[in-house]
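Quick caveat, the model's predicted, so the values are computed rather than measured.
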Amino acid sequence: MAIIGLGTSITVFLCFTVLIMGGAAVLTGRALALSWRSPWQVIFSCLGLGLVDRFFVYALFDGALSSIVGYLVHTMTIMTIGIFAYRVMYVSVMVQQYPWLFRRSSLLTYRTR
């Protein structure tokens, strides 16, 4: 049973898109933050991960390949996970590398000392 907006079932969305492709987005975000890349590269990388996700949902789980709404929902989910992982790792790197300049104020932010 396919959900109208997703192009697939909620189980496939949660297990495949959120867990597996979300894990790939976490690794992508962390790697780009550790190499001091721009956050725009996370967005472009996650657009590609969204295409891969759409194809695998079609090939493995009989989802709709040409569902634009499904692509957008899946890609935005993957992108949110990737940007969150990027920001967490970026703040961690900034605080660890420059402890005399910055201190962590929350999980996603840092302040000057």
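- Partners of W36 by ring-ring contact (aromatic ring centres under 6.0 Å, His included), not counting sequence neighbours, listed by chain and number: Y90.
- Applying the side chain to side chain contact (heavy atoms under 4.5 Å, CB included) test to R104 and every residue at least two apart in sequence or in another chain returns V91, S92, V95, L107.
- C46 SG to Q41 CD: the interatomic distance, rounded to the nearest 0.5 Å, is 11.5 Å.
- Rounding to the nearest 0.5 angstrom, the gap separating the CG atom in D62 from the OG atom in S9 is 10.5 Å.
- Taken from CG in L49 to CG in D53, the straight-line distance is 8.5 Å, to the nearest 0.5 Å.
- Going from atom OG1 of T77 over to atom CG of L14 covers 9.5 Å, rounded to the nearest 0.5 Å.
- Note on F84: it does not cluster hydrophobically with M94, by side-chain heavy-atom contacts below 4.5 Å among ILVMFWY residues.
- Of all the heavy atoms in S38 and Y86, the pair that sits closest is C-OH, 3.9 Å.
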Throw together a table of side-chain donor-acceptor distances under 3.5 angstrom for residues 20-28, partners on residues two or more places apart or in other chains.
| residue | atom | partner | partner atom | Å |
| --- | --- | --- | --- | --- |
| T28 | OG1 | A24 | O | 2.8 |

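- With hydrophobic clusters built from ILVMFWY side chains whose heavy atoms lie under 4.5 angstrom apart, F16 does not share a cluster with L51.
- S106 and T109 are linked by a side-chain donor-acceptor pair at a separation below 3.5 angstrom, with hydrogens and angles left out of the test.
- Remark: I83 pairs with V42, I43, M79 by the side chain to side chain contact (heavy atoms under 4.5 Å, CB included) rule, at least two apart or across chains.
- Without hydrogens or angle criteria, R37 side chain to A31 main chain gives no donor-acceptor distance under 3.5 Å.
- Applying the ring-ring contact (aromatic ring centres under 6.0 Å, His included) rule to F56 yields no partners; only residues at least two apart in sequence or on another chain are considered.
- Atom CZ of F102 sits about 14.0 Å away from atom CD of Q96, to the nearest 0.5 Å.
- The closest side-chain heavy-atom distance from T17 to V12 is not below 4.5 Å.
- Using a 4.5 Å heavy-atom threshold, the side chains of L101 and R113 count as separate.
- Taken together through direct or relayed side-chain contacts under 4.5 Å among Ile, Leu, Val, Met, Phe, Trp and Tyr, W40 and M89 form part of one hydrophobic cluster.
- Under the 4.5 Å side-chain criterion, counting only non-hydrogen atoms from C-beta, V88 is in contact with L108.
- Side-chain heavy atoms closer than 4.5 Å link hydrophobic residues (I, L, V, M, F, W, Y) into clusters, and following such links, possibly through other members, connects V69 to F13.
- Y71 and V52 are not part of a single hydrophobic cluster, where members link through side-chain heavy atoms under 4.5 Å apart.
- In the displayed structure, L19 atom CG is contacted under 6.0 Å by more than 12 heavy atoms of other residues, nucleotides or ligands.
- Applying the side chain to side chain contact (heavy atoms under 4.5 Å, CB included) criterion to Y58, with sequence neighbours excluded, gives F55, L65.
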